[in-house]
Amino acid sequence: MSSVDEFIAFLRRVAEKWSARYERDRVFDADPAEGVPKYFVTAAYMYPNGPIHVGHGRTYLVADVIARFKRLLGYNVLFPMGFHYTGTPVLVRAEAIAEGRVKEVESMSSTFNVDVETLRKLGDPVAFARYFHELSKEVMKLYGLSIDWRREFTTIDPEYKSFIRWQFTKLLKLGLLVKGTHPVGWCPRHGMPVGMHDTEGDVEPEIGELTLIKFRDREGRVYPVATLRPETVFGVTNVWVNPEAEYCLAEVDGEVWVVSCIAAEKLSYQLRKPSVLRRIFGRELVGVRLVNPATNEEVPVLPASFVNPRFGTGVVMSVPAHAPYDYVALRDYVDRELGGAWPQELLPRPLITVPGYGEVPARDVVEQLGVRSQSDVGLLEEATKRVYRDEFERGVVREDAARYLARQSKAVVEFFAKYIAGRSVKEARESSKELLRSLGAYDSMYEVVNSPVYCRCGTEIVVKVLEEQWFIDYGNPRWKELAREALKSMEVVPEEARNGIEATIDWLRERACARTRGLGTELPWAPGWVIEALSDSTIYMAFYTVIHRVRSLGLPAEKLGEEFWDYVFLGSGSASELAEKLGVRVEDLEAIRREFLYWYPLDSRHSGKDLIPNHLTFFIFNHVAIFPRELWPRRIVANGWVLVEGAKMSKSKGNVKLLKNLIEAYSPDALRLGLVLGAEVDQDLDLREDVVLSAVRQLARVYEVIRRVWAESEDVDLGVADEWLRGTLKQHVASYVEEVERVRLRSAAIRVYFKMLEDLETYLKWAGKAGRAAREYVAMWVRMMSPFTPFLAEELWESLGYGGYVAKSVLPRELYEERDVVFDVEQKYLELVINDVRSVLEVTKGDVVVLYTASRDLTELVRRVAEMVSLGRELKDLIRTLREEAVRAGISDVLRALKSVHEAVVYITPAALLNYIERRGYLDEYEVLAKYRGLLEVKLGVKEVKVYRASDPDAPDYGGRKRRALPLRPGIYVASSL
Ligand SMILES: [Zn+2]
């Protein structure tokens, strides 16, 4: 058995011991404490539709590190957890079991590491959720999450349901919950709306509106071409159909429409009632001549394989001058059918000018990218993106395009000249729609623009126009304004995520908030409609603050009506009247209200970045709707994905890493440290075994050193070495606090487990033994570890002889509240000298290093440079100004002096340097180097360091290095012996 395995086994035993004690002593139960500052942190609760995996594990770890860190700073911290039973994520899996779908059950069995026999008993969604809820909860405890479990709940608990009914009644009264007719993503098989958490791969179906332009054949049949760019209708040369696809002649609103049969079905979900008259193949339509309503000209129907019958109507207008797909398909057609001779009628019709392109932008891009045929899909997508974007942003409709209107009425020609020609594409788009409408040629349909998106049942999502249904009106402009305001006042980590939330606030419209299936809370006034998962999870953080007290009242949930929650969360109504009505003590009621006000607002909200376009934004919206400004949330932290060996985790890939298995393999502490060291929170994290194993090895080293220091240290002061170790500790604590506050957890962990170990080892070598400062260092160090590797920290804490829990210990404020400027500048200066000496040692090997410090009268130069740099002056400018001063000061090599002094000042930072000079008069380099001679010897790995003042006439001048001494850059001489 290797030592790594042994240490992992040790870490596992330690974790079991301390997680049991945490539970026994209820260490993380948090109650309000008047006068003690509070910190309230939550992470998005999980769907128990399987066991907790490492994706959850990462988010929860970040929240837990923050919670534990804030306790170290003396905050009273609440970190609670619940379980989200609502909706389809749980339901579809239980259904698969109930329906005996063997393959799916077997796949669950292997992914979830649960035997088939056990799964077979979980066909009921509540039983299913309960099972994985309990399983996951046990894992969370062993993982070391510092949760107050008294406040745990599920979203089907009666108290929770009454709370959600209250929230929705509020939204209704505020006019933010509306009944209306709106398009939604829809599963035809399930007959219900679907959002992100109902789809395979968690994709939000994005709904867009396509313009339909009615082209007509000689019999008056309508060919509604679907487009996002109606202004290009003037440049149409032909209409495309897919020759292999099935088309339907269908009666729609009293007209006969020719559309793909799939489109006919889709239209039936959008308040149309198409009745199919006849089915034909697309190839039978080729050659039909259609009238373009915009130009009143005839164009032919031609075949093209790129036309997707599943998108829009399956009928597409061809604008070869401005659409790369059309240009290439037409070129293919002309080459194949007409031997390359391009007929007049099909020549591209330039319609839009855009800077940087010729007459036919589509051709330019196609030739630039070297698109060979319409099957070069990748290149064509790129070409299309470019042309569409450039034309939309910078395109203008050509004045001479009026020539395409030779067969149009005078009214249309005039309209074109006035509102379309010479206008930007943006303006022309709206005017073109208006024109088409007036010509009776305009219609529209909804489409899933990021199609195909599939329901969890495997059915492709369509757009349904849902009539008389309940929507949350995220399109309300005043509500949007408040949400933006809240976002502005919040901290967002990483800062880039702010844009994603802002964009979501902008595009969000009415959102269907109820489903006909799944667990959850019914809309109080619409029986049969259950509030869906992303709508019943927006303000539940408030619920955590009071649920344990609400339960202790022992009231049946029916009694927890509107008045109750109004009082608890909004403070409205009279406590005594309410108490009397409910038959409870008024003190108990008031305590509930007080506890909510103690914990709220929420200080930090954690989730994966996938929840930015939905949950995190809904969370802001609903808070600003329900709660007063002073209770709006303060921070959002959105972490990156967990990748497994470079790939995204998914059930279908079979690479889902269960937290339980990882904990068993590596121990909770090593896994936690591995996850933190793997990537900063904003980055995606590639979970690699070697990183976790190196975390194990590092933990073993740290453990050994601490045990040794504690056993061998003496209660004596070791002078400058102790002084240095104390100063270094203070630096580490201050930087650590800063890093964790900014959620730079990886940097903080590198500091704690690597840099701090290195510094302690340097001290031990230098001092030759461990003095009093070493004990102080270790005592703080173990505290600093506790947020990352809590169990090992507890074990050490106990073995050092401290009572209680390190999780309840506090870092003394004086260690991080104020920096020690003198110490910091001197250490920076030493670093600089060490770097300089090291580069000399690379060239000249030797065991003795001699340093000559510059004379006192040169030190004024340091101050001048620092002042000028802090004023933003650049080196060149500085040289010009200071040259004379330097010459006067007797520095022969002026340029070199200024350049290297400048470098040094920037390295130390000018502000700190000026501060130092103000306190000390000047930086006496000789004093500093002489003081830390021993440290330099250890860090440089040499036998001896000698320090002289260059101005000392008695000092020997080895290698003529005396005169090389510049301010902040001592002259350096290296020899094997002297
Ligand atoms: Zn479905």
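Order of appearance sets the numbers: ligands from 1, and atoms from 1 within every ligand.
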For the residue pair Phe621 and Tyr474, is the inter-centroid distance of their aromatic rings smaller than 6.0 Å?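 Yes, the ring centres sit under 6.0 Å apart.
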
Would the Phe153 and Tyr544 ring centres measure less than 6.0 Å apart?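 Distance test on ring centres: under 6.0 Å, yes.
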
Passes side-chain hydrogen bond (donor to acceptor under 3.5 Å, both in side chains), His53 versus Arg58? Steps please. CA-CA 9 Å; His53 56 66; Arg58 188 180 185 201; over 6 Å; no

Check whether any side-chain N or O of Asp536 sits under 3.5 Å from a backbone N or O of Gly520 as a donor-acceptor pair, and report yes or no.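 Answer holds: no.
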
Between Arg605 and Phe619, is NZ or CZ placed under 6.0 angstrom from the six-membered ring centre and within 45° of the ring axis?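 Satisfied, under 6.0 Å and within 45°.
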
Around the Zn ion (ligand 1), what protein N, O or S atoms are found below 2.8 Å?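 Protein N/O/S atoms under 2.8 Å of the Zn ion (ligand 1): Cys187 SG, His190 ND1, Cys455 SG, Cys457 SG.
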
Can you tell me if the gamma sulfurs of Cys261 and Cys248 sit closer than 2.5 Å? yes

